[in-house]
Number of protein chains: 2
Amino acid sequence: MLLYIMSSEKNETRNRILKATWELLESKDGADVRMIDIARKADISRQAVYLHFENRGDLLVATTRYIDDIKNVEERLRKSRQAKAGTERLLAYIEAWGNYIPEIYGVAKALIALRPVDGDASRAWDDRMDAVRDGCEAAIKALQKDHKLLDGLSPKVATDILWMLLSVPNWELLTQRCGWSQKAYIKHMKAQAMRLLVG
Amino acid sequence: MLLYIMSSEKNETRNRILKATWELLESKDGADVRMIDIARKADISRQAVYLHFENRGDLLVATTRYIDDIKNVEERLRKSRQAKAGTERLLAYIEAWGNYIPEIYGVAKALIALRPVDGDASRAWDDRMDAVRDGCEAAIKALQKDHKLLDGLSPKVATDILWMLLSVPNWELLTQRCGWSQKAYIKHMKAQAMRLLVG
DNA sequence: GATGTCAATTGACACTGTGTCAAGTGAATG
DNA sequence: CATTCACTTGACACAGTGTCAATTGACATC
């Protein structure tokens, strides 16, 4: 307990930086969030940010971890794994991940924007997407076990398709540019997955 | 004829810059192509690039136009519009656009990367995507006319779905990260469109 | 109460890339 | 011969990232 408080106290500034980063990335729809903006929001000097994070990429990566912690992704996705029947599980996964996207969208956008330039950001984002792919793969495996996978579709290809369907750019296109509500997005994604994967 | 030669001669350097930009964006998989790289490849000084293009965004936009001209997009897409039956037309459009993506991929990537920062690049890319959407909409309309549109699907939603399916990020995910061949990509996209839209 | 530690501050600076400007060159045009 | 045009060169402003050295103020320890 003492240890917990200590580390919490010690990381107070660090957490304030992470929170500031998150909030700025969420609010400013663009990714033109500078280090100085973050510092100002966290009420410290620009240089002090570098006492806690090596560079911009490092900070963004840490921010995604921070959000995961607070939003408790693991918990949510675990629930989707409890569904027994293959199709139920597929739908539960779509619901869990699909509803998580809007919560990380701000950071995701910044990370994607940094991708061509920053190797760290690139790796961080790819790692996260690989994790999503694992989830897709597991859902497809469950489908296959129940003999519900569409005829002529290999698990690999089915996983690829589901992964594509649930990508952040697709969510962005449909909800931000096409004006779909989050509810409509989830509904249609479920319907599409059923049509494309379940036979 | 004289006029043609004159303008061609006059624009020789301009075309060399466009060609250099294109080639660099294609070759360097990243988008870290600097103005000086382009200038060097075009065999002129960095500053001279600004005699032909206002800024980086302007140059990138002009490069997409240049590629369109050389690759003759209009011609290709027009062919897809000649198909009479709704489903034929849908498939022809997927084939035409789907096979065009790899040819503009390098520039597309650079333009997308610039999006959060540069307003010009943003607008340029959005314009191009709007044009694709128009193509999708026309294909869906043709489908509807033939009473082939899946029951319960509005033309708007159907257009959105087709647009999403044929997006560049999806192409990137499937062919670059999942290792699909271009041929497999086209085949599966057609199959998916049929499942999702045709009833 | 002196000492040391530690987080943070301040001001300065190097570096990169974009975009601008002024002066100059060299070849073609009239 | 003078002008024009595309281009060159060198210099510079500006923005953003990342680094460094010297300093401050709080807190802990002996």
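Predicted, not measured: the structure shown is a model, and the values here were computed from it.
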Pairs: protein N or O with nucleotides 8-17 of chain D N or O, under 3.5 Å:
| unit_1 | atom_1 | unit_2 | atom_2 | d |
| --- | --- | --- | --- | --- |
| dT8(D) | OP1 | S45(B) | N | 3.2 |
| dT8(D) | OP2 | S45(B) | N | 2.8 |
| dT8(D) | OP2 | S45(B) | OG | 2.7 |
| dG10(D) | N7 | Q47(B) | NE2 | 3.4 |
| dG10(D) | O6 | Q47(B) | NE2 | 2.9 |
| dG16(D) | OP1 | R34(A) | NH1 | 3.3 |
| dG16(D) | OP2 | R34(A) | NH1 | 3.0 |
| dT17(D) | OP2 | M35(A) | N | 3.4 |

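- D68(A) and Y100(A) are linked by a side-chain donor-acceptor pair at a separation below 3.5 angstrom, with hydrogens and angles left out of the test.
- Classification of the H188(A)-W180(A) ring pair by plane angle, with boundaries at 30° and 60°, yields tilted.
- The CD1 atom of I70(A) sits 5.0 Å away from the CH2 atom of W22(A) when rounded to the nearest 0.5 Å.
- Here H52(A) reaches the OP1 or OP2 of dA8(C): one of its side-chain N or O atoms lies under 4.0 Å away.
- For residues 95-104 of chain A, every residue pair satisfying the salt bridge (charged side-chain N to carboxylate O under 4.0 Å, His left out) rule, not counting sequence neighbours, is listed here: K71(A)-E103(A), R76(A)-E103(A), E95(A)-K190(A).
- Rounding to whole angstrom units, CZ of residue F53(A) and C1' of dA7(C) are separated by 14 Å.
- Remark: D37(B) engages R34(B) in a salt bridge, criterion side-chain N to carboxylate O under 4.0 Å.
- One can place CZ of R14(A) at 17 Å from C1' of dA8(C), the figure rounded to the nearest angstrom.
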